[in-house]
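I have placed the structure first, in the form of structure tokens, so that the comments after it can refer back to it.
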Amino acid sequence: MIISDDKIGTRLDVFVSEYSGVSRSHAQLLIESALVSVCGKVQAKNYRLRQGDEVEVEELPIRELHAEAEDIPLDIVFEDEDIIVINKPSGMVVHPAPGNENGTLVNALLYHCKSSLSAINGVVRPGIVHRIDKDTSGLLVVAKTDEAHIFLSSLLKDHKIERTYHAILCGHLKSTQGTVNAPIARHPVDRKKMAVVAGGREAITHYEVIREFPSFTYAKMNLETGRTHQIRVHMSHLGHPIIGDTVYGGGKTQFEKLHSKYLDGQCLHAKELRFPHPKTGEMMHFECELPDNFKALLKILEE
């Protein structure tokens, strides 16, 4: 439907909630599942409607989710009254979603932190400021208070949280360091994937080669923006997908097939986080080791 003038400036999730008669959290699930489009494009939940916008909603039944506390071990790197920094293992989903309603980081956090988590993102994603993919390991910061959440979200929006990832790529990059500035949006055909798409949301990744092997490259990447699957999409766009990333072109080499026991998804690790503390302003710097499977693959390549 084409929106009426009185809906101009309305948040997309609010409009979908009113239009479809569902809760706002349900509307956000529809949006995040790419079941809502504005003039044929997937937009963020906080997109503000404009004159002439046409909104389409695929009315698929999505059950309301409620995160429950679960006694799941956490690798806690740092914790105080305001924040908690976690080293997430590969294979763990950050928050409940259709098909992954239990065993997530949020379920574990609810058990560990009890009621001490920011409520800004509601019952499904309490405290979650930023996410990393299920099969990506490494660091992320969680807000324990609303004030910390607002502060960290503002830092993220202004590109003031430094996030450094390490990955093993197929092939060799054209230069030892560089920047990928290519917009990302939902894939026009495969709606479960993201892609470099003209008119998509701005996405900037800086990369630097750490070491080259005969057919592979060990590199680090710094995110300036934080789009869904950003590093995976950008490296694939360069023609050098992350090994093990079968969604974006990895998993095809003989090396990957031979050493598949070390690959359960993409070989990508969020190794460093740097940001000012939300209360004290002190610059915080966190770094964690590469996971064992990542180190094993590097050792094999070195030999």
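Note that the structure is a prediction, hence the values are computed from the model and not measured. Keep in mind that the numbers below use all heavy atoms, side chains included, and drop hydrogens, waters and symmetry copies.
The shortest side-chain heavy-atom distance between P89 and D75 does not fall under the 4.5 Å cut-off. Contact annotation: the side chain of D135 never approaches that of D133 to less than 4.5 Å [non-hydrogen atoms, C-beta and beyond]. The shortest distance between side-chain heavy atoms of V196 and H234 falls below 4.5 Å. At a threshold of 4.5 Å between non-hydrogen side-chain atoms, the residues K157 and S153 do not count as touching. With a 4.5 Å cut-off on side-chain heavy atoms, M283 and P276 count as touching. You'll find the side chain of E303 stays beyond 4.5 Å of the side chain of L301, heavy atoms only. Looking at L290 and K271, their side chains come closer than 4.5 Å, going by heavy atoms from C-beta outward. Side-chain atoms of Q177 and V209, non-hydrogen and from C-beta on, never get closer than 4.5 Å to each other.
Summarising the geometry, atom CG belonging to L140 is positioned 9.0 Å from atom CG belonging to N87; distances are rounded to the nearest 0.5 Å. One finds the CD atom of E224 at 5.5 Å from the NE2 atom of H159 (value rounded to the nearest 0.5 Å). Between the CG atom of L258 and the OG1 atom of T253 there is a distance of 9.5 Å, given to the nearest 0.5 Å. In this structure, I31 CD1 and S37 OG are separated by 11.0 Å, a value rounded to the nearest 0.5 Å. Taking CG of N181 as the reference point, atom CD1 of I204 lies at 4.5 Å (rounded to 0.5 Å).
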side-chain contact (heavy atoms from CB on, under 4.5 Å) between T280 and D82: does it pass, once the steps are laid out? CA-CA 10 Å; T280 67; D82 303 287; over 6 Å; no
Test ring pair (Phe, Tyr, Trp, His ring centres under 6.0 Å) on H269 and Y165; report intermediate values, then the result. CA-CA 5 Å; H269 180 66; Y165 290 70; 8.5 Å; no
If you apply the rule salt bridge (charged side-chain N to carboxylate O under 4.0 Å, His left out), what do you find for E302 with R211, and how did you get there? CA-CA 10 Å; E302 288 169 356; R211 183 169 179 183; 3.4 Å; yes
Yes or no on side-chain hydrogen bond (donor to acceptor under 3.5 Å, both in side chains) for H112 and E79, after CA distance, side-chain angles and deciding distance? CA-CA 11 Å; H112 175 78; E79 182 178 11; 2.9 Å; yes
Could you please spell out the steps behind the side-chain contact (heavy atoms from CB on, under 4.5 Å) verdict for E256 and Q254? CA-CA 5 Å; E256 291 166 277; Q254 187 61 33; over 6 Å; no
Might you work through the salt bridge (charged side-chain N to carboxylate O under 4.0 Å, His left out) test for E81 and K144, ending with a clear yes or no? CA-CA 7 Å; E81 295 179 351; K144 295 179 71 175; over 6 Å; no
Derivation of the side-chain contact (heavy atoms from CB on, under 4.5 Å) call for R201 and I184: CA-CA 5 Å; R201 301 179 72 189; I184 290 176; 5.9 Å; no
Test side-chain contact (heavy atoms from CB on, under 4.5 Å) on E56 and V36; report intermediate values, then the result. CA-CA 6 Å; E56 292 186 12; V36 178; over 6 Å; no
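For the pair K45 and Y47, the cation does not sit on the ring face, since its NZ or CZ is not both under 6.0 Å from the ring centre and inside 45° of the axis.
Cluster annotation: L298 and I300 are assigned to the same hydrophobic cluster (Ile/Leu/Val/Met/Phe/Trp/Tyr, side-chain heavy-atom contacts under 4.5 Å, transitive). No path of Ile, Leu, Val, Met, Phe, Trp and Tyr side chains, each step under 4.5 Å between heavy atoms, connects M194 with L238, placing them in separate hydrophobic clusters. V180 and I231 fall within the same hydrophobic cluster, defined by Ile, Leu, Val, Met, Phe, Trp and Tyr side-chain heavy atoms under 4.5 Å apart, directly or through other members. Clustering ILVMFWY residues whenever any of their side-chain heavy atoms sit less than 4.5 angstrom apart, transitively, puts L173 in a cluster other than the one holding I168. Hydrophobic clustering (ILVMFWY, side-chain heavy atoms < 4.5 Å, transitive): I243 and F213 are in one cluster.
Judged purely by atom type and a 3.5 angstrom limit, E162 has no side-chain atom pairing as donor or acceptor with the backbone of R274. Side chain of N293 to main chain of Y262: a donor-acceptor pair is present (N/O by atom type, distance under 3.5 Å, no hydrogens or angles). S260 contributes no side-chain N or O that, together with a main-chain N or O of L263, makes up a donor-acceptor pair within less than 3.5 Å. The backbone N or O of G103 sits less than 3.5 Å from a side-chain atom of E70, completing a donor-acceptor pair. In this structure, D53 contributes its side chain and R50 its backbone to a donor-acceptor pair below 3.5 Å. In this structure a side-chain-to-backbone donor-acceptor pair under 3.5 Å is missing from H206 to N222. In terms of modelled atom types and a separation under 3.5 Å, the side chain of K114 and the main chain of L109 share no donor-acceptor contact. Remark: the backbone N or O of V93 is not paired with any side-chain donor or acceptor of K88 at under 3.5 angstrom. At least one donor-acceptor pair closer than 3.5 Å links the side chain of H130 to the backbone N or O of V141. With hydrogens and angles ignored, the 3.5 Å screen pairs no side-chain donor or acceptor of S175 with any backbone N or O of G178.
Within 6.0 Å of atom CG in D292, 12 or fewer heavy atoms from other residues, nucleotides or ligands are found, so the atom counts as exposed in its surroundings. Annotation: K160, atom NZ; neighbour count of heavy atoms from other residues, nucleotides and ligands within 6.0 Å does not exceed 12. Other residues, nucleotides and ligands contribute more than 12 heavy atoms inside 6.0 Å of the CD atom of E54. No more than 12 heavy atoms of other residues, nucleotides or ligands lie within 6.0 Å of CG in D264, so this atom counts as exposed by the packing criterion.
A salt bridge links K295 with E289; the closest basic N to acidic carboxylate O contact falls under 4.0 Å. Classification of D13 and R11 as a salt-bridged pair holds, one side-chain N sitting under 4.0 Å from a carboxylate O. A salt bridge does not link E147 to K279: none of the charged nitrogens lies less than 4.0 Å from a carboxylate oxygen.
Side-chain contact check for Q230 and T225: at least one donor-acceptor pair (N or O, by modelled atom type) lies under 3.5 Å. Y207 and T217 share no donor-acceptor pair across their side chains, judged by distance under 3.5 Å alone. Between the side chains of Q266 and T136, a donor-acceptor pair is found at a separation under 3.5 Å. Side-chain N/O atoms of S4 and D6 include a donor and acceptor closer than 3.5 Å. Checking H277 against D80 by side-chain atom types alone, a donor-acceptor pair falls below 3.5 Å.
Ring centroids of H166 and Y218 are separated by less than 6.0 Å, placing the two rings close together.
Evaluated for a side chain to side chain contact (heavy atoms under 4.5 Å, CB included) with I128, the options V142, L117, T104 yield exactly one hit, V142. Remark: of the listed residues D146, I150, L152, I83, D146 is the sole one forming a side chain to side chain contact (heavy atoms under 4.5 Å, CB included) with S118.
Checked against side-chain contact (heavy atoms from CB on, under 4.5 Å), F15 has the following partners two or more places apart in sequence or in another chain: M1, I3, K7, T10, Y19, L49, V55.
Using the six-membered ring where Trp is involved, F78 and F286 have ring planes that are tilted, between 30° and 60° apart. Ring pair F255/F216 is tilted by interplanar angle, where 30° to 60° counts as tilted.
Sorted by first and then second residue, the side chain to side chain donor-acceptor pair (under 3.5 Å) pairs with a member in residues 237-247 read R232-D245; sequence neighbours excluded.
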